[in-house]
Amino acid sequence: MEKPGTFILEARDGAARAATLHTAHGIIKTPVFMPVGTVGSVKGVAPDDLEAAGAQIILGNTYHLYLRPGDELVARRGGLHKFASWNRPILTDSGGYQAFSLSKLSHISEEGIEFRSHLDGSKHLFTPEGVVDIQLNLNSDIMMMLDECVPYGSDYEYTKRAVDLNFRYAGRALEYYTARRRGNLLFGITQGGFFKDQREKSIEGLCGMDFDGFSIGGLSVGEPKDEMMDFLYHCAPLLPQDKPRYLMGVGTPLDIVKGIDAGIDMFDCVLPTRNARNGTLFTSLGKVNIKRREYAEDDGPLDPACPCYACREFSRAYLRHLYVSKELLSYRLNSLHNITYFLSVARRAREAVQTGTFAAFKSEMESIYSN
RNA sequence: GGUGGGGUUCCCGAGUGGCCAAAGGGAACAGACUGUAAAUCUGUCGUCGUGAGACUUCGGUGGUUCAAAUCCACCCCCCACCA
């Protein structure tokens, strides 16, 4: 077994890549989609569901797990893998995104990000160093640096200041971790808002540092889709070729395929699980709002091309009934399906890259989600 | 038979003279959701009309009034208690 962090590029098709990333809990085949399990649980499904769906790696969140149940408590339980009974790789986000999504409860300074807990209002300071410690306690395979996610609409001065601060956060996180390095990987997060020169500066600065991988943060934060794609295609090629590239928080099935097209290897998004709970299912035939009346007497499977338990065993009519009735099984089956589908999109993309048919796969996905 | 309470738009339920096509909730029908404070949120929800607006509606009938879901009379149902 290669040492954690080993990244092997296996195939390329245009800018799209197929690779393997070695971690302490196993090998990740990319492109990969990573289901989000913020508090140490992918909402609605159990680890055996995730394995059945083909999940290689899941996310956890530093901010949430630090607040509850506490990273030290998790450490005493033997780390997040053992605590949550998930033996495959885990990536933890740093909490930087929460400074953005919980901006009314947070304050960003040179020292770090101060939060008021959304649970009880208590104050907490996250520093680049402290966030590494928390993630070491969780023992995540891939740790993310504390970053400042620049909100859409921020002006140039604000963005520039954030990019500079982000650069200093990166240096502190890396220096701190290097002094106590174990088998965990630490990824840098590039920012830059919606100014290309700031994006370029952030990438140039971070990628000069010895991170194990690099991500693009701060996209899909409310900007128009065209703008997101413009920045994605501009930034992805600027990231190092020989390290994993991670597009944070993105996206729809088509976004993911376009991300791969731009040269991204890793994706995470709450969309498959959140939308599953809200009745929107992604299928090989496009988006299905399972609550719609038209499915009330539809005896066919949700997605005839999907091998998941929900599609194998149940009809659209039954899935609609479960959703409308707010049955707990609805959340599980819908989540299981969407996760299975997202994972299959990444897996098919990988196969397409390996066989040199990625362009055809991409246009197939574009036609499915054209409307 | 007596006394008291009640019948409101698909359901529950506010409303006791004009600001009422009628609060609120539910149901129904659509839509949103992108490093999860989200099993959440938004819209529509009498009919016709793009719209202004017009028309119909608060158990029934008749009446009072400029104006009635709201007041009066009678009638029809329902509930509780007493005989």
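We name chains A, B, ... by the order of the sequence lines, and we start the count at 1 in each one. From a predicted model like this one, the values you see are computed outputs, not experimental measurements.
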Taking atom [atom1] in both [N] and [M], what distance in whole Å separates the two?
| N | M | atom1 | result |
| --- | --- | --- | --- |
| B:U9 | B:U47 | C1' | 12 Å |
| B:A37 | B:C55 | C1' | 48 Å |
| B:C48 | B:C33 | C1' | 36 Å |
| B:C71 | B:U16 | P | 9 Å |
| B:A73 | B:A22 | P | 30 Å |
| B:G63 | B:G18 | P | 23 Å |
| B:G7 | B:A69 | C1' | 12 Å |
| B:G59 | B:U50 | P | 33 Å |

Q.
Need the pair for B:U44. Rule: Watson-Crick or G-U wobble, both distances under 3.5 Å, any strand; none if unpaired.
A.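 The answer is B:A28, by the H-bond criterion.
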
(Q) Suppose we define a pair by two distances each less than 3.5 Å, Watson-Crick or G-U wobble; what does B:A80 pair with here? (A)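 Looking at the geometry, B:A80 pairs with B:U3.
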
Q | cation_pi(A:R161, A:Y158) dist<6.0 Å, angle<=45 | A |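 Cation-pi check for A:R161 and A:Y158: passes.
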
Q | Distance under 6.0 Å and angle within 45° of ring axis: A:K287 vs A:Y369 | A |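 Judged by the rule (NZ or CZ under 6.0 Å from the ring centre, within 45° of its axis), A:K287 is not positioned above A:Y369.
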
Q) Going by the angle between their ring planes, with limits at 30° and 60°, are A:Y318 and A:F314 parallel, tilted or perpendicular? A)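 Parallel.
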
Q) So A:Y63 and A:F115, would you call those rings parallel, tilted or perpendicular, with 30° and 60° as cut-offs? A)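 Aromatic pair A:Y63/A:F115 classed tilted.
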
Q) Which parts of nucleotides 33-39 of chain B does protein reach within less than 4.0 Å, heavy atoms only, written one letter per nucleotide 5' to 3' as B for base, S for sugar-phosphate only and - for none? A) BBBBBBB

**Q.** side-chain hydrogen bond (donor to acceptor under 3.5 Å, both in side chains) partners of residues 170-193 of chain A, not counting sequence neighbours, each pair once
**A.**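 For residues 170-193 of chain A: A:E129-A:R172, A:D133-A:Y176, A:N139-A:N184, A:D147-A:Q191, A:Y176-A:R180, A:R181-A:D212.
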
(Q) Whole angstroms only, please: what is the OH-C1' distance between A:Y295 and B:A28? (A)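 To the nearest whole Å, that distance equals 18 Å.
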
Q | Pair A:K160 + A:D164, salt bridge at N-O below 4.0 Å | A |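 So A:K160 pairs with A:D164 through a salt bridge.
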
Q: Inspect the contact between A:R332 and A:D49 and indicate whether a charged nitrogen and a carboxylate oxygen are less than 4.0 angstrom apart.
A: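 Salt bridge: yes.
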
Q) By a strict heavy-atom criterion of less than 4.0 Å, which residues belonging to residues 332-346 of chain A are in contact with RNA chain B? A)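 Residues of residues 332-346 of chain A that come under 4.0 Å of RNA chain B do not exist, since none gets that close.
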
Q: Would you confirm whether the ring centroid of A:F187 sits within less than 6.0 angstrom of the ring centroid of A:F214?
A: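 Between A:F187 and A:F214, which both carry aromatic rings, the centre distance is not below 6.0 Å.
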
Q.
If we ignore hydrogens and angles and just use 3.5 Å, is the side chain of A:T355 paired with the main-chain N or O of A:E351 as donor and acceptor?
A.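 A pair under 3.5 Å: yes.
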
Q | Of A:V324 and A:R292, the one whose closest RNA chain B nucleotide lies more 5' | A |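 The residue closer to the strand's 5' end, by nearest nucleotide, is A:V324.
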
